[in-house]
Amino acid sequence: MYIASKHAALGVVRQLAHEFAPHVRVNAVAPGATRTDIRLPKALGTTDGGDRIRAHVHPSNADPEVERVTPLRRHAAPEDHAAAFVLVASRTQGGIMAGSVIETDAGLGIRGLRRVRGGDDLMERVPH
């Protein structure tokens, strides 16, 4: 479902770009894993009673794990995505762009979460 939703978002961007052109340019940025406090328990805040919400920090959010699964071996900071947002919004630098989606995911989108070498053995797993 995750992949289907990503393709749906791409379709929405393209369709809106078509519908609103030439008066409005529609583009998007698709950031990947980003080091922010939102993935940490302190970002969850407090309960209605004022108690701190406790949560387990999943190990897949740790820098080394994110870096392990991304082809560029980087866990982005928010500012790493800024230039892409400026480009899609700029009338001078990105003025010819319409319906574009810039991926700033350290290459994760080119292979997905699994780093496979030699294939996934898909033919063996799918009944024919």
Side-chain angles (χ1 to χ4, degrees):
M1 293 310 297
Y2 177 79
I3 298 300
S5 68
K6 290 292 188 179
H7 285 282
L10 173 61
V12 167
V13 169
R14 288 181 175 171
Q15 186 62 34
L16 290 175
H18 176 74
E19 300 265 342
F20 293 135
H23 305 292
V24 176
R25 290 181 311 106
V26 178
N27 297 294
V29 176
T34 305
R35 270 184 276 117
T36 65
D37 287 346
I38 196 136
R39 293 178 168 218
L40 301 176
K42 65 182 175 183
L44 297 175
T46 58
T47 65
D48 290 338
D51 297 322
R52 197 105 177 100
I53 293 175
R54 300 180 63 144
H56 171 69
V57 178
H58 197 274
S60 66
N61 292 333
D63 285 348
E65 184 61 20
V66 171
E67 290 167 2
R68 186 183 70 75
V69 299
T70 57
L72 293 182
R73 303 290 192 255
R74 293 200 44 201
H75 192 180
E79 56 270 18
D80 292 328
H81 307 289
F85 283 100
V86 170
L87 176 63
V88 298
S90 171
R91 291 183 181 183
T92 56
Q93 300 300 313
I96 196 71
M97 296 172 65
S100 299
V101 177
I102 298 177
E103 295 180 11
T104 57
D105 62 1
L108 185 60
I110 61 176
R111 293 296 280 171
L113 287 174
R114 293 187 56 207
R115 292 192 52 83
V116 294
R117 304 227 191 278
D120 285 345
D121 299 324
L122 187 60
M123 291 302 292
E124 276 77 46
R125 293 187 288 125
V126 176
H128 1 309

Atom pair [atom1]/[atom2] of [X] and [Y] - distance to nearest 0.5 Å:
X	Y	atom1	atom2	result
T70	I110	OG1	CD1	10.0 Å
S90	R25	OG	CZ	7.0 Å
H81	D105	NE2	CG	9.0 Å
Q15	L10	CD	CG	11.5 Å

**OP:** Give the cluster check for V12 versus V24: same hydrophobic cluster or not, with ILVMFWY residues linked at side-chain heavy-atom distances below 4.5 Å.
**Re:** yes

Original post:
Side-chain heavy atoms under 4.5 angstrom apart, residues restricted to Ile, Leu, Val, Met, Phe, Trp, Tyr: same cluster for V29 and V86?
Top reply: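 Each belongs to a different hydrophobic cluster.
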
Original post:
Is it true that a side-chain atom of N27 and a backbone atom of G99 form a donor plus acceptor pair closer than 3.5 Å?
Top reply: yes

Original post:
Is there a donor-acceptor pair under 3.5 Å between the side chain of R73 and the backbone N or O of R68?
Top reply: yes

On a heavy-atom basis, which atom in [X] and which in [Y] lie closest, and how many Å separate them?
X	Y	result
V13	A28	CG2-CB, 3.8 Å
H75	R35	O-NH2, 2.8 Å
A30	V101	CB-CG1, 3.9 Å
A17	A98	CB-C, 4.0 Å

**OP:** Could you check if a side-chain atom of T104 sits within less than 4.5 angstrom of a side-chain atom of D80, using non-hydrogen atoms only?
**Re:** no

